[in-house]
Amino acid sequence: MRLSRFFLPIMKEIPKEAEIVSHRLMLRAGMMRQEAAGIYAFLPLGLRVLRKIEQIVREEQNRAGAIELLMPTIQSADLWRESGRYDAYGKEMLRIKDRHEREMLYGPTNEEMITEIFRAYVRSYKDLPLNLYHIQWKFRDEVRPRFGLMRGREFLMKDAYSFDLDQAGARHSYNKMFVAYLRTFARLGLKSIPMRAESGPIGGDMSHEFIILASTGESEVYCHKDYLDIPVPGADVDFDDIVGLQSTVDQWTSNYAATSDMHDAAAFGQISADKQVAARGIEVGHIFYFGTKYSEPMKAVVSGPDGIEKPVHMGSYGIGPSRLVAAIIEASHDDAGIKWPEAVAPFRVAILNLKQGDSATDTACEGFYRDLMGKGIDVLYDDTDQRAGSKFATADLIGIPWQVVIGPKGLAAGTFEVKKRADGSRENLSPAATIDLLTR
RNA sequence: CGGAGCAUAGCGCAGUCCGGUAGCGCACCUCGUUUGGGACGAGGGGGUCGCAGGUUCGAAUCCUGCUGCUCCGACCA
């Protein structure tokens, strides 16, 4: 992409409404625009990041055996009356009427609808286990939206729903998602820690919030230092290995970890002082088992091997990709701007033509741009007639992981300057060595 | 939902108390000089001053009502 033809409305000054760093940087980097309280338009740069996050989430869901579908944003009130939640949900639910005065709602979540879909087709235990998910916009009419994408009213959510014959099966389904989440956040370049969450109506130990560590995170978290070093399961993890998966989950849940509202100072004090970690974090995922809470009232039943119909045991698993865009920035930025992890960067490489209009630099940049494009690398070529300093500032602000600086100085020596945004390191490399580095 | 505040050019703000030609910086356009960390000079364009009433010869400014947004608290992917 040529910057001169891209739509990148960056700002030098900070809009006053933006309070937290991710919100400020997203506005300054031209990633999104507020259209109403808690409602945002994604501009091209922001959309690129959102799509990359979404794709990683999708790949890890698929790897764990979940199957993607897509449910609508608008739902019928009748469905929610069946579960009893239409009245229970409260004002957070956006309720609307169609032209025939039928009561509808903009879905804040999809347990009812997925249960309706399940019961329409699945009759036998032989079709279990089943895990269906979608990535769809949700709307929750929060009293007070704030912090930009971190707490918007409209947000993108990946929500998965598992169906099993019994609780033992449900535990395995839960564990699959648990491990999938560990892998997902690791791939996004984040350090995530599962923390025991309010167990809800069912009780038990099958509810966890996934918190990522970020110095500017909104909640305080306390955990055992060992969490920072536990290896995340590799891509070859066997999701059908019930025992193996359980031991991974055990490893990730045996030590102390809690957010401030669940914090037990005494228990935390038991940990030796050098192993205590008090940090800040952001909730980016939540998984829980809720048994037959919806299957019972909504009659989602299957016949077991004994021929007897039983309500299925369900769990649900949420990740907010739109919140993750902001969360990643909170976890990875500096005074100059965003530092995207390579996996989610809107562009992997930026080419900075330091002397636009000079035939030697133009030729070198154009050629190199074509070479990278030919290799299938996401590259943003700054071919604007801005001065060098302005181009450096822009590239740093929007956080492109690799900046290839091409100017008369380097060209005289036959080299490009390659800067790594993550640590600011630079080296002068020949064009061939640069290509080599970027395609490694 | 309780409390506080804001609304003037794309962004950041002054002007409002004390009514009298709507301003500044950045951004944008033109020309020139510049060109390795957000250049300089000259010229230029852009506004129903959130909306609706009212007072007045005259309202961004005073009065009334409304709307939108932000922050603190309670609540949450």
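Reminder, nothing fancy here: chain letters follow the sequence lines and each chain counts from 1. Computed over heavy atoms, backbone and side chain alike; hydrogens, waters and symmetry mates excluded.
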* Asked: Reckon A:K409 touches a base, only the sugar-phosphate, or nothing at all at heavy-atom distances under 4.0 Å?
  -> base
* **Rounded distance in Å between the P positions of B:rG47 and B:rC24** => 15 Å
* Spacing of the C1' atoms in B:rG53 and B:rA9 (rounded, Å) -> 27 Å
* Structure fact -> Mate of B:rG38 across any strand shown (Watson-Crick or G-U wobble, both atom pairs under 3.5 Å) is none
* Do you know which two heavy atoms are closest between A:Y161 and A:N110, and how far apart they sit? -> OH-N, 3.0 Å
* To do: Measure from CG on A:L354 to P on B:rG38 and round the result to the nearest Å.
  => 13 Å
* To do: Tell me the partner of B:rG2, counting only Watson-Crick (N1-N3 plus N6-O4 or O6-N4) or G-U wobble (N1-O2 and O6-N3) with both under 3.5 Å; none if nothing fits.
  => B:rC72
* Between A:Q246 and A:N175, do the side chains contain an N or O donor and an N or O acceptor separated by less than 3.5 Å? -> yes
* Asked: With sugar-phosphate meaning primed atoms plus P, OP1 and OP2, does A:G410 contact a base, only sugar-phosphate, or nothing at under 4.0 Å between heavy atoms?
  -> base
* **Base partner of B:rC26, which must satisfy Watson-Crick or wobble distances under 3.5 Å** => B:rG10
* Rounded to the nearest Å, what distance is computed from the CD1 atom of residue A:I14 to the C1' atom of nucleotide B:rC11? -> 11 Å
* Among the candidates B:rU70, B:rU34, B:rC11, find the nucleotide nearest to the side-chain atoms of A:R387. => B:rU34
* Student check: side-chain heavy atoms of A:M195 and A:H208 closer than 4.5 Å -> no
* **Rounded distance (Å) that lies between atom C1' of B:rC69 and atom CG of A:L27** => 14 Å
* For A:K91, answer base if it contacts any base atom (sugar-phosphate contacts may also be present), sugar-phosphate if it contacts only those atoms, and nothing otherwise; contact means non-hydrogen atoms under 4.0 Å. => sugar-phosphate
* **Position toward the 5' end of RNA chain B (nearest nucleotide), A:M11 or A:K355** => A:M11
* **Between B:rC69 (P) and A:E35 (CD): distance, integer Å** => 11 Å
* Looking across every strand, which nucleic acid part, if any, lies under 4.0 Å from A:D396 by heavy atom: base, sugar-phosphate, or nothing? -> base
* Separation between the C1' atoms of B:rC71 and B:rU34, rounded to whole Å -> 44 Å
* May I have the distance from A:D141 (atom CG) to B:rC1 (atom P), rounded to whole angstrom? => 10 Å
* Answer with base, sugar-phosphate or nothing: what part of the nucleic acid does A:A388 contact at a heavy-atom distance below 4.0 Å? => sugar-phosphate
* To do: Would you indicate whether the side-chain heavy atoms of A:L156 and A:L50 approach each other to under 4.5 Å?
  => yes
* Sugar-phosphate only, base, or nothing, as touched by A:K138 at under 4.0 Å among non-hydrogen atoms -> nothing
* To do: Of all the heavy-atom pairs spanning A:Y222 and A:E220, show the shortest one and how long it is.
  => OH-OE1, 2.9 Å
* To do: Determine: side-chain N/O of A:K12 to OP1/OP2 of B:rA27, distance under 4.0 Å, yes or no.
  => yes
* Pairwise P distance for B:rG2 and B:rG45, with rounding to whole Å -> 49 Å
* Phosphate contact (B:rU70 OP1 or OP2) by A:Q34 side-chain N/O below 4.0 Å -> yes
* Tell me the partner of B:rG65, counting only Watson-Crick (N1-N3 plus N6-O4 or O6-N4) or G-U wobble (N1-O2 and O6-N3) with both under 3.5 Å; none if nothing fits. => B:rC51
* For B:rG54 versus B:rG43, give the span between their P atoms, rounded off to a whole number of Å. => 44 Å
* Could you measure between the two C1' atoms, the one in B:rC49 and the one in B:rG38, and give it in whole Å? => 31 Å
* What do you reckon, is CG of A:D264 surrounded by more than 12 foreign heavy atoms closer than 6.0 Å? -> yes
* Rounded to whole angstrom units, what separation is found between the CG atom of A:N428 and the P atom of B:rG36? -> 16 Å
* Can you establish whether the number of heavy atoms outside A:R95 located under 6.0 Å from its atom CZ is more than 12? => yes
* Counter-base of B:rA59, judged by Watson-Crick or G-U geometry with both distances under 3.5 Å -> none
* To do: Would you state whether a donor and an acceptor, one from the side chain of A:T394 and one from the base of B:rG38, lie under 3.5 Å apart?
  => yes
* Determine, using ring centers only, whether A:F6 and A:F347 are less than 6.0 Å apart. => yes
* Could you pick out which residue, A:Q386 or A:I10, lies toward the 5' side of RNA chain B when each is mapped onto its nearest nucleotide? => A:Q386
* **Spacing of the C1' atoms in B:rG15 and B:rU8 (rounded, Å)** => 9 Å
* **Paired nucleotide for B:rG19 [Watson-Crick or G-U wobble; both distances under 3.5 Å]** => none
* To do: Using the P atom as the reference point in each nucleotide, state the distance between B:rC26 and B:rA60 in Å, no decimals.
  => 27 Å
* Asked: Using a distance-only test with no angle check, is there a side-chain donor-acceptor pair under 3.5 angstrom linking A:Q386 and A:D382?
  -> no
* Does A:R28 get its side chain close enough to the base of B:rG12, under 3.5 Å, for a donor-acceptor pair? -> no
* Provide, to the nearest angstrom, the distance between the CE atom belonging to A:M32 and the C1' atom belonging to B:rG10. => 17 Å
* **Pair of N/O donor and acceptor under 3.5 Å linking B:rG25 base with A:E13 side chain** => yes
* **Nearest-angstrom distance from the residue atom CG of A:D358 to P of B:rU34** => 15 Å
* Does A:I398 offer a backbone N or O that forms a donor-acceptor pair with the side chain of A:R28 under 3.5 Å? -> no
* Structure fact -> Quick tally for nucleotides 71-77 of chain B: nucleotides whose base has a protein heavy atom under 4.0 Å get B, sugar-phosphate-only ones S, the rest -, giving BBBBBBB
